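Working notes for the structure below.
We count ligands from 1, going down the list as the structure has it; atoms in each ligand are counted the same way. As the structure is a prediction and not an experimental result, all values here were calculated from the model. Computed from heavy atoms alone, side chains included, the values below leave out hydrogens, waters and symmetry copies.
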Amino acid sequence: MSSTEFTPTGQIQFNAFFQGVNTGTIWKSPESGSQIEFESFRRIAQTAERGKFAAFFLAEGLRMREQNGKVFELDVAGRPDNQSMLASLAAVTENLGLVATQNSTFNDPVELARRLQSLDLLSEGRAAWNVVTTDNAWTGANFRRGGYLDHAERYEHAERFLDVAKDIWAGRDVEHVGKHYSIDHQPQLPASPQGRPVLFQAGMSPSGRDFAAKNCDVIFTVLPNLPAAQDFRADIVERTKKFGRPANDVKITPVVEFILAPTAQEAEEKRQEVRRLQVGPQQAIAFLEQFWGADLSAYDPDGPLPEIDPVVEETDGSRGVAFQASGVREKVAAWREEAAAKNWSIRDLATSQLVGRQNPVAGSYDAVAEQMAEYAATGAVDGFCVAPWLIPTGLDDVVNELVPRLQDRGVYPEDYVGSTLRENLGLPGVR
Ligand SMILES: Cc1cc2nc3c(=O)[nH]c(=O)nc-3n(C[C@H](O)[C@H](O)[C@H](O)COP(=O)(O)O)c2cc1C
């Protein structure tokens, strides 16, 4: 077998994933911590490190979501800057990787490369950059260039941006005259113990997948089940080989939401309670309004879907969440069919759409450990980004109950194997 072929490692790893703008985190329970205070982040990061998680991973949302021309107040948004947070966490952790989601569309490459390299040096080789292109115009409005790039150009731009960053990290002089900036830069900082920050990527389109297969070390994605993960692996293996890289070089780590309990029945009761707290009546109505493009406040969240048709012109995906406005009529028709077949209310439908995408895995500790062991055996993924629904205690049962069961099955690390994130993820040295 040539070294370019993919060989399953039989292992999985976990990262802790802290969402940006989202509905999945419960903020209104008496047990909920603050998304602003450092204490929330310190506690959950230290729990992750106790469970030998490879990394702590922050998504990025740089602006509150808007709906019908107003700030959308029903989900969690707004928290301190990723790199400031990760630099603070570097001081209270020893082995945990520190992954900052930062977009390539609105930042400047020299400045971002320098800040990421600083995080990598200060953490002694534990930094990573999750490269995203950011698809919403309302984030773009924060920046002097505005929301100016279409999809293809965002990825072209991301390639140039990453080339510049890699040159800077390799200690090379950079002279670049391009469409978006001109750079004449000399190296300033030495390389960290892991050479340069590890590169994550999130973006599911064919161009996004190619970008990852060509340039990155780890893909963060959403894969609802094992067959979807196997298909995705096959696709990424092909793309990675197309770019002349060994197929095992690109790791795949989808998001997962665990709902765990001693027995299956308790886990199911907990799942229902978690869902009830995640998607309240107002969230359910607001979710539908994004697609209907109309005020639906008169509808009963526990009643059937609105019988009126969506107002397509007023629904614009670039200003709302990541959906395609062009497919709204078809989407609504499919939802009506599904809701009728399953006797779903507005809230049931909204719940399935808003939090069903997180790859929810609910079950007894033992059953979930078996399910994870199956992922490890098939080699479909290299690990999971665990999105806790409660901050800061949401990883306690994962670390106390699930991790030891995975270690007993020999599919999860007993300890950190090295001191850098690159080593702990089993990645090759920087070439
Ligand atoms: C799993 C996943 C997570 C993402 N997380 C973020 C994020 O935290 N911040 C952000 O600005 N964009 C995020 N994005 C959006 C990407 O930046 C990108 O703009 C979008 O997915 C469109 O690219 P695509 O068509 O290749 O998927 C994410 C995308 C995916 C698929």
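- Atom 10 (C) of ligand 1 is approached by the protein to below 4.0 angstrom, counting heavy atoms only.
- Nearest residue to atom 25 (O) of ligand 1 from Glu60, His151, Met204 is His151 (criterion: closest heavy atom).
- For Tyr155, the closest heavy-atom approach to ligand 1 falls below 4.0 Å.
- Among residue pairs with one or both ends in residues 34-47, those qualifying as salt bridge (Lys or Arg N to Asp or Glu O under 4.0 Å) are Glu39-Arg42; sequence neighbours excluded.
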Worked verdict on Arg233 versus Asp382 for salt bridge (charged side-chain N to carboxylate O under 4.0 Å, His left out): CA-CA 10 Å; Arg233 167 73 80 190; Asp382 296 282; 2.9 Å; yes
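- Ring to ring, Phe57 and Phe200 are close: their centroids are under 6.0 angstrom apart.
- Of the protein's non-hydrogen atoms, Ala202 CB, 4.0 Å is the one closest to atom 28 (C) of ligand 1.
- Of the options Leu62, Thr105, Asp135, the smallest heavy-atom separation from atom 22 (C) of ligand 1 is shown by Asp135.
- In this structure, atom 21 (O) of ligand 1 lies nearest to the protein heavy atom Gly203 CA, 3.9 Å.
- Using a 4.0 Å cut-off between a side-chain N of Lys or Arg and a carboxylate O of Asp or Glu, Asp135 and Arg154 do not qualify as a salt bridge.
- With respect to Glu153 and Lys179, a salt bridge is recorded, a charged nitrogen being found less than 4.0 Å from a carboxylate O.
- Using a non-hydrogen distance threshold of 4.0 Å, Thr101 registers as a contact of ligand 1.
- Scanning the protein for heavy atoms near atom 13 (C) of ligand 1, the closest one is Val132 CG1, 3.8 Å.
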